[in-house]
Amino acid sequence: MRLESFAPRLLHWYDEHRRDLPWRSTTDPYRIWLSEIILQQTRVAQGMPYYLKFTETFPTVTDLAAADERDVLRLWQGLGYYSRARNLHATARIVADEYGGAFPDSYAKLVQLKGIGPYTAAAIASFAWKEKVAVVDGNVFRVLSRIFGIATDIATPAAKKEFTELANRLIPADHPDLFNHAIMDFGATQCVPVSPVCLFCPFAGDCEAQATGRQAELPVKEKKTKVRDRFFHYTVLQSGTRLALKERTGRDIWSGMYDFWLTETDTPGGKPAGLPADLAARAEVSPVFTHILSHQKIQAVFHTVEVPVDFLLPEQLKWYTFEELEDLPKPVLILKYLKGRYQF
DNA sequence: GAGGCGTGGCT
DNA sequence: TAGCCAAGCCT
């Protein structure tokens with residue numbers, strides 16, 4: 001189809017089908033930024049309560065900057081991809097301290113901030129300041145690959161370049177913000193991955209995928225993610241009303257979150273190392289918890305054991321009362337154990 | 001440039 | 001059921 005007729009048709013569709021979302025009724029770059037970080041690789045329904053919690057707890061970027069990273073992670077708890085929260089906090093401090101609380105006002109400056117890549121910079125710049133720069137996310141890949149019949153593997157940098165150039169030729173100068181919202185809404189609600197709604201499509205007759213019946217084949221994505229098996233043995237040290245936890249550090253999963261004394265093995269068998277035999281014998285052993293991540297399948301067993309108050313805690317473990325424990329950011333796996341064992 | 005990084009919903 | 005998917009970014 002002709003490039004000039006794409007935007008008018010899309011905007012006409014958006015006029016009748018747009019979703020009313022709280023971050024669309026503001027031009028505050030802080031709220032737009034916050035919503036975009038939350039929505040990275042995350043559905044609207046899942047992110048919505050987090051957006052509401054964050055804007056209520058931290059009404060401005062200065063409020064967010066003043067918080068402890070741990071409290072930001074605690075509010076992010078359950079949403080996953082926790083580096084988003086750490087980068088969110090770090091960038092809030094940069095904006096508050098080095099930009100006087102005012103967000104940089106261009107794509108070029110935004111994309112230099114932590115956690116803000118090409119997509120998010122384009123979203124903020126277009127929504128907050130109507131800069132003419134196209135967003136390219138999973139929706140855009142899908143919509144454009146189908147309508148224009150582009151079979152380039154979207155996992156490659158070449159595809160990123162190709163689709164970005166096309167989107168930037170399609171985006172109109174007068175309504176870049178509406179165009180970006182529209183193409184994402186269209187992808188999210190009509191031109192969906194499985195069983196797209198082609199019957200009432202505004203591009204019916206001009207869609208390459210529909211014409212050739214290749215809706216299910218486009219976009220092309222070659223890479224299959226491999227899932228790694230991991231076996232966790234947690235020792236939950238309990239002393240009266242306290243449990244021993246530690247902060248996870250390094251480049252593994254759940255960095256910045258808190259969990260228990262962990263021993264990992266390469267095979268399903270084995271027991272947590274380091275616990276004196278007399279204590280190990282007394283430990284209460286949980287059923288196997290299977291926890292699925294996008295790239296890992298974790299099978300975890302919790303060995304709960306009561307120890308004396310003067311028990312010498314190994315590694316970086318520290319005692320926390322149940323009240324203190326509530327305020328620590330914890331992975332969902334740990335939350336599920338606590339809920340089952342202690343009715344948390 | 002390929003792989004790591006969460007969680008929950010859907011088919 | 002077991003995979004696949006969802007408004008990406010970082011290393």
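Chain letters run A, B, ... following the sequence lines, proteins first, then strands; residues in each count from 1. Excluded from the calculations below are hydrogen atoms, water molecules and symmetry mates; all remaining heavy atoms, backbone and side chain alike, are included.
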CZ of A:Arg248 versus C1' of B:dG6: gap in Å, rounded? 12 Å
Does A:Glu306 use its side chain to pair, donor to acceptor, with the backbone of A:Gly240 at less than 3.5 Å? yes
Where do A:Tyr119 and A:Gln40 land on the side chain to side chain donor-acceptor pair (under 3.5 Å) test, with the steps shown first? CA-CA 9 Å; A:Tyr119 163 77; A:Gln40 286 170 7; over 6 Å; no
Please step through side chain to side chain contact (heavy atoms under 4.5 Å, CB included) for the pair A:Leu144 and A:Ile183, ending with a clear verdict. CA-CA 9 Å; A:Leu144 296 184; A:Ile183 196 167; 4.1 Å; yes
Closest approach to the side chain of A:Asn139, judged atom by atom: which nucleotide of C:dA7, B:dG6, C:dC5 is it? C:dA7
Hunt down the Watson-Crick or G-U wobble partner of C:dC9, both distances under 3.5 Å, from any strand shown, or write none. B:dG4
In whole angstrom, give the distance that lies between atom CG of A:Leu73 and atom C1' of B:dG6. 13 Å
side-chain N/O A:His295 vs B:dG4 OP1/OP2, d < 4.0 Å: no
OP1 or OP2 of B:dC5 less than 4.0 angstrom from a side-chain nitrogen or oxygen of A:Gln41, does that happen here? no
Both A:Ala155 and A:Ser255 contact DNA chain B. Which one's nearest nucleotide lies toward the 5' end? A:Ala155
Test A:Phe203 against every option in A:Trp13, A:Phe148, A:Phe186 by the side-chain contact (heavy atoms from CB on, under 4.5 Å) rule and name the one that passes. A:Phe186
Would A:Tyr337 and A:Phe260 count as a close aromatic pair, with their ring centres under 6.0 Å? yes
Taking only the side-chain nitrogens and oxygens of A:Tyr81, find out if one of them lies under 4.0 Å from OP1 or OP2 of C:dC10. no
Which of these nucleotides, C:dG8, B:dG6, C:dC10, is closest to any side-chain atom of A:Leu293? B:dG6
Interface polar pairs with nucleotides 8-11 of chain B, N/O, under 3.5 angstrom:
from, atom 1, to, atom 2, distance (Å)
B:dG8, N2, A:Arg43, NH2, 3.3

Could you check which of C:dA7, B:dG6, C:dC10 has an atom nearest any side-chain atom of A:Glu36? C:dA7
Side chain of A:Arg251 only, heavy atoms from C-beta on: which candidate in C:dC9, C:dT11, B:dG6 is closest? C:dT11
Give the rounded distance in Å between these two atoms: CG of A:Leu39 and P of C:dG8. 9 Å
Can you figure out which of B:dT7, C:dG8, C:dA7 approaches the side chain of A:Trp254 most closely? B:dT7
For the ring pair (Phe, Tyr, Trp, His ring centres under 6.0 Å) test, which of A:Phe232, A:Phe302, A:Phe231 pairs with A:Phe289? A:Phe302
For the pair A:Arg18 (side chain) and A:Asp185 (backbone), establish whether a donor and an acceptor sit closer than 3.5 Å, ignoring hydrogens and angles. no
Taken to the nearest whole Å, CG/A:Asn87 to P/B:dG4 is 19 Å
With no angle test and no hydrogens, is the base of C:dA7 tied to the side chain of A:Arg19 by a donor-acceptor pair under 3.5 Å? yes
To the nearest Å, how far apart are A:Ile298 CD1 and B:dC5 P? 9 Å
